[in-house]
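Structure record follows, encoded as structure tokens.
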Amino acid sequence: MKKILFLHGFFASGQCVPAQALRESFMGRAEVLTPDLPMHPKEALCFIRELIDRDKPDLLIGNSCGSFYAQMLAPVAGIPALLGNPHFQMTEFLKPRIGAHQYKSSRKDGNQDFIIDEALIEEFAELEAIQFNSNPCNKDRIWGLFGEHDTLAHFEPLFLEHYTRSFHFPGGHTPTAEEVRTWYVPLAEKLLMQIEK
């Protein structure tokens, strides 16, 4: 059975709506791993890389910040990725949100509270500067999916500077369960079929 690793957005968790919809949609056909990602990006990248090495997923699917991570790791790991509404400038997203926050979906460790501070923003800035350094090999296996009503991330032009396959869906930044089933799942199936060829 194929394995898919889903990487959630910054305010989300492995129990968010897109994660649940992917697990349900692929039930019996593929195992969908939906871990809670660490808040700090360097820690998150190490955590994801360890998961990739251990579980050997066939496909990465990201949303927002999760797509930021997937874009950096997919070329290194040599696996395809579907980037949903990738947010390639997390620093710009975080700067106006300095302070205390809560995750929007429950996390397994029960900790719902976190703080955005300058140190976190600086850590994202370091990674933003090098985020496209490792992508020359499998450009045609990293696809972007962009919500036409996304009010947070507008990075399709930047995506197309590095990759070639871009798709749209009539939704916002965080897809609903129905949008995941209608748009994310068919594209994920096509990427998985490419692997089998």
Side-chain angles (χ1 to χ4, degrees), residues 4-26 32 34-37 39 41 44 59-74 80-99 101-107 112 114 116 120-121 124-125 127-128 131-132 135 139-192:
I4 297 168
L5 176 56
F6 174 73
L7 307 176
H8 61 73
F10 185 81
F11 275 97
S13 75
Q15 300 304 310
C16 65
V17 168
Q20 292 177 22
L22 283 169
R23 285 198 306 266
E24 291 165 8
S25 297
F26 281 101
V32 181
T34 64
D36 291 348
L37 302 180
M39 182 186 70
L59 173 65
L60 298 181
I61 300 177
N63 195 66
S64 189
C65 185
S67 293
F68 172 72
Y69 296 141
Q71 187 279 139
M72 285 187 277
L73 290 173
L82 176 61
L83 310 183
N85 289 325
H87 207 307
F88 295 137
Q89 292 179 356
M90 285 299 297
T91 52
E92 297 308 308
F93 173 77
L94 296 172
K95 282 175 185 173
R97 294 173 172 84
I98 286 175
H101 295 273
Q102 286 199 319
Y103 289 105
K104 292 180 180 177
S105 50
S106 61
R107 291 174 70 92
Q112 293 301 114
F114 66 95
I116 296 171
L120 178 68
I121 293 169
F124 271 105
L127 292 174
E128 280 176 20
Q131 66 182 306
F132 294 107
N135 71 358
K139 287 178 182 254
D140 59 335
R141 298 175 72 210
I142 296 179
W143 295 1
L145 179 57
F146 298 89
E148 291 166 355
H149 303 291
D150 186 350
T151 58
L152 287 176
H154 305 283
F155 297 106
E156 186 176 18
L158 179 56
F159 173 87
L160 289 171
E161 289 178 23
H162 300 275
Y163 303 107
T164 57
R165 303 295 299 273
S166 172
F167 303 87
H168 294 173
F169 73 101
H173 187 66
T174 303
T176 65
E178 184 59 34
E179 287 165 349
V180 168
R181 289 189 287 268
T182 305
W183 300 96
Y184 282 65
V185 169
L187 288 173
E189 288 170 341
K190 285 181 183 176
L191 273 167
L192 287 170

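Numbers here simply count residues along the sequence, with the first being 1.
What you find for L191 and P80 is that their closest heavy atoms are CD2-CB, 3.9 Å. Residues A19 and T34 approach most closely at CB-CG2, 3.7 Å, considering heavy atoms. The minimum heavy-atom distance between K139 and H162, with the atom names listed, is NZ-O, 3.2 Å. Contact between V185 and R181 at its shortest, heavy atoms only, is CB-O, 3.7 Å. Of all heavy-atom pairs between F114 and Q102, the closest is CE2-C, 3.7 Å. The shortest heavy-atom contact between G147 and N85 is N-OD1, 2.7 Å.
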Assess whether side-chain contact (heavy atoms from CB on, under 4.5 Å) is satisfied between K104 and C16, documenting all intermediate values. CA-CA 8 Å; K104 292 180 180 177; C16 65; over 6 Å; no

Residues Y163, F159; criterion ring-ring contact (aromatic ring centres under 6.0 Å, His included); working and verdict: CA-CA 6 Å; Y163 303 107; F159 173 87; 5.2 Å; yes

Show the numbers, then the answer: is there a side-chain contact (heavy atoms from CB on, under 4.5 Å) between F68 and F10? CA-CA 10 Å; F68 172 72; F10 185 81; over 6 Å; no

Hey, mind stepping through F124 and F93 against ring-ring contact (aromatic ring centres under 6.0 Å, His included) and telling me if it holds? CA-CA 10 Å; F124 271 105; F93 173 77; 9.2 Å; no

H8 and L37: CA distance, side-chain angles, deciding distance, side-chain contact (heavy atoms from CB on, under 4.5 Å) verdict: CA-CA 7 Å; H8 61 73; L37 302 180; 3.6 Å; yes

Go through the steps to decide whether H87 and S67 satisfy the test side-chain contact (heavy atoms from CB on, under 4.5 Å), and finish with yes or no. CA-CA 7 Å; H87 207 307; S67 293; over 6 Å; no

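Counting heavy atoms from C-beta on, the side chains of L145 and F169 come closer than 4.5 Å. Side-chain atoms of C65 and L7, non-hydrogen and from C-beta on, never get closer than 4.5 Å to each other. The shortest side-chain heavy-atom distance between P86 and F146 falls under the 4.5 Å cut-off. Between L158 and F132, the closest side-chain pair of non-hydrogen atoms falls below 4.5 Å. Within the 4.5 Å cutoff, the side chain of T174 has no heavy atoms near those of the L152 side chain. Looking at heavy atoms from C-beta onward, I142 lies in side-chain contact with L83 at the 4.5 angstrom threshold. Between F26 and L192 there is a side-chain heavy-atom pair separated by less than 4.5 Å.
In this structure, Q131 contributes its side chain and M72 its backbone to no donor-acceptor pair below 3.5 Å. Within the 3.5 Å criterion, the main-chain N or O of R107 finds a donor-acceptor partner in the side chain of Q112. A donor-acceptor pair under 3.5 Å is formed between the side chain of S105 and the backbone N or O of S13.
Rounded to the nearest 0.5 Å, atoms CZ (R165) and CG (L160) are 11.5 Å apart. The CE atom of M39 lies 8.0 Å from the CD1 atom of I116; values are rounded to the nearest 0.5 Å. Put simply, CD1 on I61 and CG on L187 are 9.0 Å apart, with the number rounded to the nearest 0.5 Å. Taking CG of L127 as the reference point, atom OG1 of T91 lies at 10.5 Å (rounded to 0.5 Å). Here the CG atom belonging to D150 is positioned 11.0 Å from the CD atom belonging to E148, to the nearest 0.5 angstrom. Interatomic distance, L5 CG to L22 CG, rounded to the nearest 0.5 Å: 11.0 Å.
Using a 3.5 Å distance cut-off with no hydrogens or angles, the side chains of Y184 and N63 do pair a donor with an acceptor.
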